[in-house]
Undergrad: 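First, the structure itself, so that you have it in front of you.
We name chains A, B, ... by the order of the sequence lines, and we start the count at 1 in each one.
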Protein chains: 2
Amino acid sequence: MDFDKSLAVTVAAEYSNDQGDEAGLVEAFAEVCNFLADNPNSLSWRSKGNIPSVFTSSGLQILAQKYFAGYRKSDLPGNPRTVPDEIVSLAMMEAFGYAKQEVERIKIEHQLAMSAENCVGALLERYLDKELRPSGWYWCCGGFVKAVDFIRRDRQEQWLALQIKNRDNSENSSSSAIRQGTIIQKWFRTFSRTGATNWSNLPSLMQGYNLNEQGFENYVRSYISSERLRSLRDPGDILPLE
Amino acid sequence: MDFDKSLAVTVAAEYSNDQGDEAGLVEAFAEVCNFLADNPNSLSWRSKGNIPSVFTSSGLQILAQKYFAGYRKSDLPGNPRTVPDEIVSLAMMEAFGYAKQEVERIKIEHQLAMSAENCVGALLERYLDKELRPSGWYWCCGGFVKAVDFIRRDRQEQWLALQIKNRDNSENSSSSAIRQGTIIQKWFRTFSRTGATNWSNLPSLMQGYNLNEQGFENYVRSYISSERLRSLRDPGDILPLE
């Protein structure tokens with residue numbers, strides 16, 4: 001079956017006016033679906049119901065909803081929704097000699113630190129999207145593309161793909177589902193053993209866009225402060241991180 | 001090829017005197033290798049060099065070394081070997097309003113909390129091994145069996161297998177490599193959303209051994225205090241957690 005890109009564009013246009021910070025997202029969504037048409041095993045679908053098809057209007061509706069919801073959700077670190085394991089606190093007291101009162105504080109701060117880690121991982125993708133989208137890279141946001149974070153086409157219309165991690169010890173999802181012949185390059189931002197960053201080792205596909213640590217740091221600062229303001233104005237709009 | 005259990009026992013006997021807290025470990029190692037002979041795809045091998053064969057003396061040597069080293073290594077929470085991501089600290093300051101000085105402290109305590117979490121996960125397996133080994137369960141320690149933590153045989157000599165997690169949100173490794181027909185039961189200790197424990201929902205294979213939270217808590221307390229004493233006597237012997 002041939003992929004109908006204009007149908008994907010039409011569906012996406014119901015979800016976005018494609019202006020401002022969303023400029024280019026309708027095109028990005030359509031191309032991500034085109035990529036999935038070429039690499040059907042790359043579709044990751046954990047929600048209930050049938051796996052949506054990129055060849056039907058109803059399937060594209062479901063994917064567009066996920067895509068734009070993923071784009072618009074807040075990645076501000078939120079209040080933890082999990083309850084700490086009491087035996088972990090016990091282990092901290094026994095192993096490191098912390099007092100009961102201290103582990104109560106640590107338990108909360110540890111959860112906030114995990115929220116902040118998730119936030120940084122999410123903002124790394126947002127930063128790259130902001131810098132790469134104007135150059136024809138499409139962000140696979142919304143969580144339905146397996147093992148690939150950004151795609152684009154080369155001059156021969158072949159797919160190029162990027163997989164991004166915040167640290168060298170973050171787990172890589174297997175990318176075996178990608179069609180052979182697709183160039184996939186991987187990159188991580190920081191070395192866990194040294195704390196050093198890895199911007200000087202960008203893979204060739206990511207070079208030439210002036211990506212760097214200072215730019216990322218500025219992005220994180222500005223994202224968090226503007227999202228905090230937005231959440232004060234409209235608290236119900238902010239989805240907490242898991 | 002037929003698996004030669006007596007060869008595995010002979011090899012393992014070079015590594016353990018099979019007494020005291022190691023009583024039954026030689027048998028356990030031999031049975032784990034027998035399980036791998038029946039389920040070759042369950043062997044997980046990330047080290048360099050060829051994948052060891054459970055059918056050869058040299059292969060069994062390599063596995064026995066891993067098995068007993070895994071058993072004897074310390075799971076005391078150690079000093080972190082990773083360096084925190086500075087942008088995570090920045091995000092904590094920006095999102096939660098912590099001062100620079102506070103995030104410096106949190107960064108360290110967060111790492112110790114992660115060490116303690118790893119420790120609790122490891123001690124859960126050690127506790128279960130202690131309670132289950134006398135009843136013919138074999139612990140798959142040493143990190144070379146994929147997706148299975150404990151095995152035993154039923155009366156028809158079929159394999160029974162357990163997969164254990166500390167929390168319901170810990171990642172499960174896929175167990176698709178297990179031969180069809182093998183009964184595999186999964187269990188997690190705690191509910192991340194409520195903090196409640198799950199001992200009252202042990203799968204049938206784990207019932208009847210008087211496993212419970214108080215027993216686990218006592219085990220954690222006693223393990224950490226005796227390992228701390230041991231590490232004071234012989235500091236070089238303690239391997240830090242990752």
Undergrad: I need the residue from Gly121(B), Ser225(B), Pro84(B) with the largest number of non-hydrogen atom pairs under 4.5 Å to chain A.
TA: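 The option with the most such pairs is Pro84(B).
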Undergrad: Tell me the closest heavy-atom pair linking Arg126(B) and Lys73(B), and the distance in Å.
TA: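 In terms of heavy atoms, the two residues are closest at NH2-O, 2.9 Å.
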Undergrad: Measure Thr190(A) against the heavy atoms of chain B and call it side chain, backbone, both or neither at under 4.5 Å.
TA: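 For Thr190(A), the contact with chain B is made by the side chain alone.
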Undergrad: So which part of Tyr98(A) gets closer than 4.5 Å to some heavy atom of chain B, the side chain, the backbone, both or neither?
TA: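 The side chain, not the backbone.
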Undergrad: Hey, does the side chain of Arg133(B) reach the backbone of Asp21(B) with a donor-acceptor pair shorter than 3.5 angstrom?
TA: yes
Undergrad: Which answer fits Ile87(A), side chain, backbone, both or neither, if we ask what part of it has an atom under 4.5 Å from a heavy atom of chain B?
TA: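 It is both, since atoms from each part get that close.
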Undergrad: Below 4.5 Å from any heavy atom of chain B, which atoms of Arg221(A) appear? Answer side chain, backbone, both or neither.
TA: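 Its backbone and side chain both get close to chain B.
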Undergrad: Taking Glu86(B), Arg189(B), Lys107(B) one by one, which has the highest count of heavy-atom pairs under 4.5 Å against chain A?
TA: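 The option with the most such pairs is Arg189(B).
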Undergrad: Tell me whether the rings of Phe144(A) and Tyr67(A) are parallel (<30°), tilted (30 to 60°) or perpendicular (>60°).
TA: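 Because their plane-to-plane angle lies in the 30° to 60° range, the rings of Phe144(A) and Tyr67(A) count as tilted.
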Undergrad: At a heavy-atom separation under 4.5 Å, does Leu112(A) approach chain B through its side chain, its backbone, both, or neither?
TA: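 For Leu112(A), heavy atoms of backbone and side chain both lie under 4.5 Å from chain B.
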Undergrad: side-chain contact (heavy atoms from CB on, under 4.5 Å) with Phe96(B): which of Met93(B), Glu94(B), Met92(B)?
TA: Met92(B)
Undergrad: Please identify, among Leu123(A), Thr197(A), Thr194(A), Val103(A), the residue contributing the most non-hydrogen atom pairs under 4.5 Å to chain B.
TA: Thr194(A)
Undergrad: Which pair of heavy atoms, one from Trp45(A) and one from Ile51(A), lies closest together, and at what distance?
TA: CD1-CA, 4.1 Å
Undergrad: Side chain to side chain contact (heavy atoms under 4.5 Å, CB included) between Trp137(B) and Tyr209(B): does it pass, once the steps are laid out?
TA: CA-CA 11 Å; Trp137(B) 282 97; Tyr209(B) 301 105; 2.9 Å; yes
